[in-house]
Q: 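This is the structure I want to talk about, given as structure tokens.
These numbers come from the heavy atoms of this one structure, side chains and all, not from hydrogens, waters or symmetry mates.
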Amino acid sequence: MGKNRKRYFLIKRIKKMNMWFIANIFVIFLLSLMSIYSSTIPKGPGFFKKELLWFVISAFVFIGFSLLDYHKYMKYDRYVYLFNVLMLLSVFVIGTKRLGAQRWIDLGPISIQPSEFAKIFLVLTLSSYMAKRSHERFEGFKAMTFSFLHMLPIFGLIALQPDLGTSLVLLIVYATLVFINGLDWRTIFILIVAAILAVPGSYFFLLHDYQRQRVLTFLHPGEDMLGSGWNVMQSMIAIGSGGIDGKGFLQNSQSKLRFLPESHTDFIGAVYLEERGFLGGVALLFLYLFLLIQILKIADDTEEKFGKLICYGIASIFFFHIFINLGMIMGIMPVTGLPLLLMSYGGSSLVFAYMMLGIVQSVKFHRG
């Protein structure tokens with residue numbers, strides 16, 4: 001009877017899966033596979049095969065986190081937080097440096113970027129922190145200080161790697177959860193003014209030289225087109241050459257001729273837009289918008305604060321990645337190294353994305 005009962009509940013939960021949600025994810029990934037294949041085929045089929053392998057792993061991750069009751073994250077939030085800190089500390093002990101940053105841990109044929117997973121772990125623990133104090137009045141700087149101290153160690157460890165893009169994501173996640181939790185407007189206004197006033201000081205005293213150079217390149221892209229502005233300039237050329245309906249599959253000249261570096265990772269959107277054009281770009285934006293709407297609908301249909309905050313936090317991560325990455329490849333945002341989730345090549349970002357989407361499905365399955 002026990003096995004039959006478990007099988008019954010498993011089938012019942014699988015039936016509750018939103019097939020539109022899954023279809024949406026799958027279509028975006030198919031577009032990703034085509035773009036990765038097209039941008040890496042001159043180097044051989046290795047990248048394409050690895051991405052397929054990561055997709056299989058990610059599919060199991062999605063199913064596993066969908067079936068796991070999300071309430072357990074609140075029950076064991078201290079252990080999740082501790083694991084997050086230890087994972088980020090391990091980067092400084094056994095991590096490897098690439099392009100001046102120490103963000104990766106090499107595990108033989110694969111490498112993991114812990115800062116990717118730190119974002120969702122922070123969403124879980126910060127949502128738990130706020131949900132457990134839902135009976136308390138959340139207003140003024142006292143409430144802000146305690147909630148910010150929860151985020152500060154994670155933010156600091158990622159900023160030290162250094163990883164500007166992920167640090168900004170954490171700030172956006174924090175701001176989103178604080179707002180959804182119900183911070184008073186007076187405190188919000190003061191914080192916005194303080195953040196604006198802090199920008200000049202942050203630029204001169206907190207950013208590294210190469211990060212300041214990225215900001216200057218964004219403001220004056222034409223001044224160093226053969227140096228720091230090369231990637232963005234080639235990306236804009238690729239996008240512009242795509243026209244209305246694109247050049248067609250396998251016709252991305254900027255990538256194939258190796259004018260566009262990192263074409264399968266940070267700049268995968270430029271490859272896609274060169275081949276699919278403006279109409280393809282609109283279709284991709286619609287797919288991402290539909291995905292965000294579905295996540296927010298699950299949030300709004302969830303009466304429990306913990307599940308609601310988790311979904312809003314995950315939606316904010318997806319939105320910021322999409323907004324920054326697409327703005328970056330079009331030259332309207334500084335280069336930060338944030339991948340286009342579900343599209344960019346990379347095992348860590350793919351598993352991370354499917355892990356988040358699985359947790360969203362868990363909220364749908366297990367909410368009251």
Side-chain angles (χ1 to χ4, degrees), residues 6 9-30 32-33 51-77 79-80 83-84 87 112-128 131 169 173 177 287-288 290-302 304 306-322 339-344 346-368:
K6 287 181 179 179
F9 280 111
L10 179 61
I11 294 172
K12 186 177 179 181
R13 286 171 182 171
I14 291 174
K15 286 182 177 179
K16 285 180 68 176
M17 280 191 173
N18 186 334
M19 299 313 295
W20 283 108
F21 185 76
I22 294 173
N24 193 357
I25 298 167
F26 189 66
V27 170
I28 294 175
F29 182 71
L30 282 179
S32 166
L33 273 183
E51 192 72 356
L52 277 176
L53 176 61
W54 278 115
F55 172 70
V56 173
I57 295 171
S58 299
F60 281 105
V61 168
F62 173 80
I63 294 170
F65 279 91
S66 296
L67 298 177
L68 180 64
D69 188 346
Y70 74 96
H71 293 98
K72 293 185 182 296
Y73 305 124
M74 179 183 281
K75 183 179 179 180
Y76 300 107
D77 56 355
Y79 299 104
V80 174
F83 177 76
N84 200 6
M87 180 182 64
I112 296 175
Q113 189 174 350
S115 60
E116 288 288 334
F117 300 96
K119 290 175 275 193
I120 182 57
F121 291 145
L122 180 67
V123 167
L124 296 176
T125 57
L126 188 55
S127 296
S128 175
V169 173
V173 166
L177 293 182
L287 288 169
Y288 275 121
F290 188 48
L291 181 66
L292 289 173
I293 289 172
Q294 291 179 91
I295 295 173
L296 294 177
K297 186 179 186 307
I298 292 172
D300 291 337
D301 292 342
T302 304
E304 186 186 31
F306 181 51
K308 187 184 292 288
L309 288 172
I310 286 175
C311 289
Y312 271 101
I314 289 173
S316 70
I317 292 174
F318 268 97
F319 174 79
F320 194 69
H321 270 262
I322 296 163
L340 183 56
L341 292 179
L342 298 177
M343 281 287 288
S344 293
S348 292
S349 66
L350 194 64
V351 172
F352 161 63
Y354 277 86
M355 179 181 171
M356 289 195 296
L357 295 171
I359 292 172
V360 170
Q361 283 291 288
S362 176
V363 173
K364 184 177 185 295
F365 290 163
H366 300 97
R367 64 193 176 195

Q: Determine whether the side chains of Gln113 and Ser115 contain a donor N or O and an acceptor N or O closer than 3.5 Å.
A: yes

Q: Main chain of Gly313, side chain of Ser316: is a donor-acceptor contact present, judged purely on distance under 3.5 Å?
A: yes

Q: Determine whether Leu342 and Ser32 make a side-chain contact, defined as any pair of heavy atoms from C-beta on separated by less than 4.5 Å.
A: no

Q: If you look at every heavy atom in Ala315 and Leu292, which pair is closest and at what distance?
A: O-CD2, 3.6 Å

Q: With rounding to the nearest 0.5 Å, note down the distance linking CD in Gln361 to CD1 in Ile298.
A: 5.5 Å

Q: For Ser344 and Ser349, work out which heavy atoms get closest and say how close.
A: O-OG, 4.1 Å

Q: Please report the closest heavy-atom contact between Ala131 and Leu309, naming both atoms and the distance.
A: N-CD1, 4.4 Å

Q: Ser128 side chain to Leu124 main-chain N or O, any donor-acceptor pair under 3.5 Å?
A: no

Q: Would you name the heavy atoms of Ser127 and Leu177 that are closest together and state the gap between them?
A: OG-CD1, 3.9 Å

Q: Once you measure the plane-to-plane angle for Tyr354 and Phe29, does it fall in the parallel (<30°), tilted (30-60°) or perpendicular (>60°) bin?
A: perpendicular

Q: Let me see the working for Lys364 and Phe21 under side chain to side chain contact (heavy atoms under 4.5 Å, CB included), right down to the final yes or no.
A: CA-CA 12 Å; Lys364 184 177 185 295; Phe21 185 76; over 6 Å; no

Q: Closest heavy-atom contact between Met343 and Ile28?
A: SD-O, 3.6 Å

Q: Once you round to the nearest 0.5 Å, how far does CG of Leu67 lie from NE2 of His366?
A: 7.0 Å

Q: Which heavy atom of His71 sits nearest a heavy atom of Phe306, and at what distance?
A: CA-CE2, 4.3 Å

Q: Give, for atom CD1 of Ile317 and atom CD of Glu116, the distance between the pair rounded to the nearest 0.5 Å.
A: 9.5 Å

Q: Quick one: CG on Leu341 to CD1 on Ile25, what's the gap to the nearest 0.5 Å?
A: 12.0 Å

Q: Kindly indicate whether the side chain of Leu350, heavy atoms from C-beta on, has any atom under 4.5 Å from the side chain of Glu51.
A: yes

Q: Mind checking whether Asn84 and Thr125 have side chains closer than 4.5 Å, heavy atoms only?
A: no

Q: Output yes when a side-chain donor or acceptor of Asn24 lies under 3.5 Å from a complementary backbone atom of Tyr288, and no otherwise.
A: no

Q: Side chains of Tyr70 and Glu304: does their closest heavy-atom pair fall under 4.5 Å?
A: yes

Q: Drop me the distance from Phe117's CZ to Met355's CE, to the nearest 0.5 angstrom.
A: 7.0 Å

Q: Please examine the side chains of Leu33 and Phe55, heavy atoms only from C-beta on, and report whether any two atoms are closer than 4.5 Å.
A: no

Q: Quick check: do Ile295 and Leu357 have side-chain heavy atoms less than 4.5 Å from each other?
A: yes

Q: From Leu296 CG over to Phe319 CZ, what is the distance, rounded to the nearest 0.5 angstrom?
A: 10.5 Å

Q: Could you tell me whether Phe290 atom CZ has more than 12 heavy atoms of other residues or ligands within 6.0 Å of it?
A: yes

Q: Contact between Phe65 and Ser362 at the side-chain level, heavy atoms closer than 4.5 Å - yes or no?
A: no

Q: I'd like to know if the side chain of Ser66 reaches the main chain of Phe62, judged simply by a donor and an acceptor atom lying under 3.5 Å from each other, with no hydrogens or angles considered.
A: yes

Q: Indicate yes or no: at least one non-hydrogen side-chain atom of Met87 is less than 4.5 angstrom from one of Phe121.
A: yes

